[in-house]
Amino acid sequence: MAKIDSEVGGDVTFFHTSQLDQLINLARENSLWYLLFGLACCGIELIQTGGPRADLMRFGAIPRASPRQADFMIVAGTLTYKMAERAKLLYDQMSEPKYVISMGSCANCGGLFQLAYSVCKGVDKVVPVDVYVPGCPPRPEALTEGLIRLQDKVRNERWQDKRRAPVQGTGAA
Amino acid sequence: MEKLILRRVDRNNEEMILNFGPQHPSTHGVINFIVETDGEVLRKAVPDVGYLHRSIEKIGEVTGWHGFMPFTDRIDYVAAMFPNEGYATAVERLTGIEVPRRAQYLRAISCELARIASHLVSLGTMSMDIGAFTPMLHGIRERETINDLIEALCGARLTYNYHRIGGVAFDLPEGWKERTLAFLDHFDKFLVEFDRLISFNEIYVRRLANVAVITGKDAVDYGLVGPNLRGSGVDWDVRRDLPYGAYDDFEFAVPVGQGFKGTVGDCYDRYYCRCLEMGESSKIVRQALLQLPEGEIMAPKVARNLKVEAGEALSRVESARGEMAFYVVADGTNKAYRVRARTGSFTAMGIIESASPGLMIADLVALIASLDVVAPEIDR
Amino acid sequence: MTTSEIHDLLKARFGEDVSAAPPPPKGDAWLTVKAERLVEVCRFLKETAGLEFDFCEDLTAVDWPKRNVIEVVVHLLSYKLKHSLVLKVEADRGSPVVPSLYPVWKTADWFEREVYDLFGVTFTGHPDLRRLLLPDDWVGFPLRKDYAEQGGWHGIDNVRENPLVELKRLDDSARAEAAKSASPAPAAAPPATPAPTSQA
Amino acid sequence: MPRTPKLPKLSPRAVVLLTLALGLGLPAGLFGAVLVLSPLAQPDFFVRAVLGHDPATWPHAHLVYGLVMALLAFMLINFGAIISGMTVWWEMRVSSRMQSRIGYNRAGAAGFFQWIADAVKLLFKEDLIPAEADGMLFRAAPYFVMTGFALTFVALPFGESLIAADLNVGIFYLTAVTALVVVGILLAGWSSNSKWALFGGMRSAAQVVSYEIPAGIALMVPVLMSGTLSMQGIIRAQGAWPWQWHAFTNPAAAVAFVLFFISQLAEGNRTPFDLPEAESELVAGYLSEYSGFRFALYFLVEFGNLWVMAAISATLFFGGWQVPGVGPEVYAAAKGAGAVPALGWWGLQLLSMVVMVAKTVVVLNVIVWVRWTLPRMRIDQMMNLCWKFLVPSAFVAFVFTLLWQLLVARAPALGLVTGVVLTGAFLVTLILFGRQVKANIAAAGDHVDLTNW
C-alpha cells in the first residue's frame, strides 16, 4: 500500500487520503503539547524556552503534566540509570502518536558524563528519539529549532502509520 | 521498592501510598517522595533521591584540577557560579594561590547576579507550586536579562564556568558596567512589583504562613543552611560571619526570618528571606561595580598541569541555597584524590521526613518549594 | 579556638584516643579519633561550653587503599564561636564499621547513608541505613578507589558507539565507491547512453 | 521518499481576513441556523402560520418533529463547542499578555485557529484506556460532563428572542443540569484507578457540592427581585441602564453577585479553586489518565463553562441583552404584522445579542484575570470560606432582599436611588482601580502599551 502510494501517487483514493492527511497534519503540527520532563540543567533552559522571550506556546506547544495528554516528550538533561526506567515508563504511558526530543548532550549521548558510572549514555538506549538537539545546554533558540524540525517531521508523515497496534486480548478498543 | 523505603512507617489499612515523583511538576527536578496520606493529610513523606546522581565526585578524581571546573557547574545548575567559586577557593586554599583583588570583586559580582537569578527561579516556581503562574514568568523575564549579562561576561547562559583556580576567566566587556547598573535600577523596581503581585497576596500568605514550621534548633540540628536556616531565625551568613573573597568590603544586611506573617521558621519566612536577599544582592553588585579596583584578573603562575602537594582543605561559600563547602584532598599528583561538595539541598531534603507529618498534600508542595531544593545538589 | 587548642582540651578528657597529626603547611589540620570513642567525643564537642560545635557541616569519607583504611571525615562548625574542626575516624577497609553520629546531630542521618551508599561504611546505631543515591540493587561502592563499573544496569548497556567511527566507515565506503566508479568510467565510455535505463 | 504536501501559503492579509471571516462566521452561522430551525420545532407558530399547513394532518409528524429537534440539538452542541474553543483562545491570549509572553500566533491570525488545531489533534490521538481502569465508567464519564454542559445552552439567553427554550424554570434548570458535571468528574476520578485522579475527583465532589449551596441561595436574590425563574423573565425585569440592573438596584444583590461569582469559580474548578486539577499537586487531577478526544471533551467543558458562568452572571445581575432605549414595544413594532418578522426586528435581535456577548466577555475577562493572578487555596481554607463565610452571607443577602422587596413595593423610587448611588460607587471604584493599575505600572518602571497585542 505504502509502496504504491509513494511510487504512483496519482491514484484517486490515495490522493484524497493525502489531502486529508495534509489537513490532519496541519492541525497536529500546530498543536504539539509537551510533557514536563526537566531532568537536569537543560530543564532550566526548557523553562526559559517556555518563558517570555522564546515562548514555545507560540507554536501551540503547551506543557502538560500528565503523559497521557502529551504529544511529545522533551528529555531535558542527564538520564541516570535509576531514572531511565521511569523515562521508559513515561514514554509508554503517552498516547500515540508520540515523539521524543532529546535535548542536550547528556540526553543525546551521555555528554559530559561519559565518565560517570551511573549515567545512561543517551536516551535513545531506552526510547526512540525523533529529534536530537545538541548543546550543553542548548539555548532556547536551539530548542525552538528542534520543535520546528519536529513539526516538519509531523507534517511529512501519515497519521495512520503512527497508530499503536491494537493489543490482542485486553479488550482495549 | 516501596516496602524498603517505608520500613520506618507504621502502616495499617487506612492510608494511601502515593508516589510523588520523580516526574511530578512540583518536585523541581527528579526527586521522588513516597507519601503516605490519610485523605488529604500526610502521615509521612519519605524522600527517595538519586535520580540525578551523576557521579560528579568520582569524575573529580580522574579529571585534572582545572578540568573539574566544568563539572562543578552541573552541581548546581540554577546558580552555577557558586560551585565554581567554592571549588576554586578550596584549591586556592590548598595551594596557597593568592587571588587578585579585582578577580575577587568580579567573583562577587558574578555570584550575586547568579544568586538573584537563582532566587528568581526559586520564588517563581514556588508561586507556581502554590498555583499562581504569572509571577513565575515575570521572574523568568528578569532572569533572561541576567542571563544576557552573564553571557556577555563569560559566554554561557547557564553553565558559566567563569571562575578559575586563581581568578576568573574574563574581564568585564565594554559597557557591561553601565548595562548592569541600568538593569539593577530596573530590578529594584521589579522587586516592588513582585511583592505587590504575589508576596502580599492574601491567599498566598495564608497558604504559607504557619505552615511547616522549622524551629531554629531543628534547623541547626538538621544542618539546614542559607535562607532556610535564616528563615528559621538563625542569624548566620558565611559572607558576613566568615568573610571570603571581597565580601568584607561591602555593606549589606542579612535578612533573618522574624515571623513576617506568622511563626518564625514557616514557609513564608523562608520565602520572604529570599525576596529580601535579592535586594541585598542587588546592593552588593552595585557597590562592587562602583568600587571595582583595577588590576589583574588571574593570579600569576598558575600552572596548566597543576600539581598540588598532599593535604586537604575545606572551603565555604554562601551559595543561593546556603553554605556550600568543597572538601578537596590532594595526594601530590596532578589530579584530586577526593573532591566532595557539601550542598544545601542535601541537608534540606533530610528534614522533609521529620517536618512532613500532619501537613496536607498542598502544604508538602509548599514545603518542598520553600526549601528550594535542586536535584543535582542533592544527588551530585 | 584553633585545632591544637581543641586537641589539648580533648587530650585532657580522652587521653590518647584523640590524636593530632602535625599541622600541614597549607590547608586544614585535623584530629584523629578512635572509632569507639567517636560519639562520646562528638557529644563532648557539642555540649561543652567554649566548644559548642552545634553544626555538623559535613560527614564524608576518603578511601586509602594503600593504608587499607577508609577515613570518615567529619567537619564541625560552631555558629556561636565561629570556629571549625576536622575530625577523622579510620575504619578497616575490609569491613568498615563506624559508630553513627545520628544521636548527636540529626543531619548525620543522610550523610551517613550517603557514605554507606558510596563507600560501604556501616554505621552502627544508624536508624535506617540503606542506599540513598543509587538503586537498591546496585552492586559495589563506587567511590572506593578499586571500584569496577558494572557495565550497564538492568539491560541498559553503558557503551556509546563513537559516531565518528561509523561516519568514517561511511566516508570510506563512499570514497571506495567513487574510486570504483571513477576508474572503470573511462574504459566503459562508449555506452554512455544506456546508463539511465540500467539505473531505472 | 515521502511526498511533502504543501498547502498554499497565504499572505498575512488573507490570513487575517480568513480568521475574521471564520471567527465571526462560524458561531453566527450556526446561531442563525438555530434561529431559523427553532420555529420549525414549534409547529403551531411556523408551519401553520407561514406554510399554511396543519402538522396534525402530516403522516409522520412526530418523526419530522423529532428530526428537527435532533438537528437543533446537534447545532446547539456545536455552537457550545465553538464558543468554548474561542474561549480557550481568548483566555490563552489574555494570559499570555499578562505574562509578558506572545502566546499563540502561528495558526491563523493571532493564533485564532489554535483551538481548531487542538481539537483536531485531540480527536486523532489514541484513545487510551488504562488496563487497570474501570473501562465502562471511564468511557462514560466524559459524556456525563458533556451532557451537563450542553444542556445549559438550551436555557441560555443570547438576545431578545434568541433562546432555544425559554423555560419557566430556567435558572432552576440551569443549576440542575450543571450538577451533572460533578457526576462525570467523580466518575472520572474513580474509574481511572489512579490515585491522583481519585484525589481530584473527591476534591471536586466536595467542592462542587459545597459551593452549590451559596450559589443557589445567591441565585434566589435576583429571582426574588424579578418574581420569576425564567431567564428571559429575569432579564425583562431589569432595565437597560446600569442603575436598572439587579446588581445595582439592591445592595444585597451586589453582595449576592460577588458570592455567586466566587461560587461559580469554585464550581467551574477555576483558580483560586482549581484544586481538582491542581497541576502542581495532583499532576492533572481527575484528568490524569484521559487522553485523546475524551480529554478534549473535558477541556471543552471546562472552558465552555466559563462562558456559561459569565452569561448567567450577566443575565441575573447585569441586565442581560437589554439595549438602552429599546423597550418591548420597540421590538413589537419592529416585528411587524407578518408571520415572518421584518428586517428591522432581526437587526434589533443582532444588537441585543451583541450587548449580551459584550457583557459576557467582560465578566469572562474578570474570570481570566482572576485565574492568572491568584494562587490556589488549600482544601480546608476553601471549605472554611464556603461554610463559614459564603453560606451565612448568602442567607443574609437573601433575607435582606425579602425585606427590601417589601420596602420597594411601598416606595418604588428607592430602587432608582440605590441604583444611581451604587452605579456611581461602582464607577468611582473602577476609576480608582484604573489609577492604581497605572500607578503600579509606573512604579515598576513601565508604561501602558496597548499596541503590542
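To find a chain, count down the sequence lines: A is the first, B the second, and so on, and within it residues start at 1.
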TODO: Begin from the C-alpha positions of B:H53 and A:Y117 and carry the test side chain to side chain donor-acceptor pair (under 3.5 Å) through to its verdict.
DONE: CA-CA 9 Å; B:H53 178 57; A:Y117 51 81; 2.8 Å; yes
- [ ] Under 4.5 Å heavy-atom distance to chain A, tell me which part of B:L52 shows up: side chain, backbone, both or neither.
- [x] both
- [ ] Below 4.5 Å from any heavy atom of chain A, which atoms of B:E151 appear? Answer side chain, backbone, both or neither.
- [x]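 Only the side chain of B:E151 comes within 4.5 Å of chain A.
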With rounding to the nearest 0.5 angstrom, report the [atom1] to [atom2] distance, [X] to [Y].
X	Y	atom1	atom2	result
B:K58	A:S118	NZ	OG	11.5 Å
A:M83	B:D379	CE	CG	11.0 Å
A:T80	B:R54	OG1	CZ	9.5 Å
B:I140	A:D55	CD1	CG	12.0 Å
B:Y77	A:E45	OH	CD	11.5 Å
A:R139	B:N147	CZ	CG	9.0 Å

Open item on the list: Can you tell me which portion of A:I44 sits under 4.5 Å from chain B's heavy atoms? Options are side chain, backbone, both or neither.
Closed with: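 Contact with chain B: side chain only.
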Task: Under 4.5 Å from a heavy atom of chain B, the part of A:L35 involved - done: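 Answer is side chain: those atoms of A:L35 sit under 4.5 Å from chain B.
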TODO: Locate the shortest heavy-atom distance separating B:P70 from A:L112; write the atom from each residue and the value.
DONE: O-CD2, 4.3 Å
Open item on the list: Which residues in residues 153-161 of chain B have any heavy atom closer than 4.5 Å to a heavy atom of chain A?
Closed with: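 Checking residues 153-161 of chain B against chain A gives B:R157, B:L158, B:T159.
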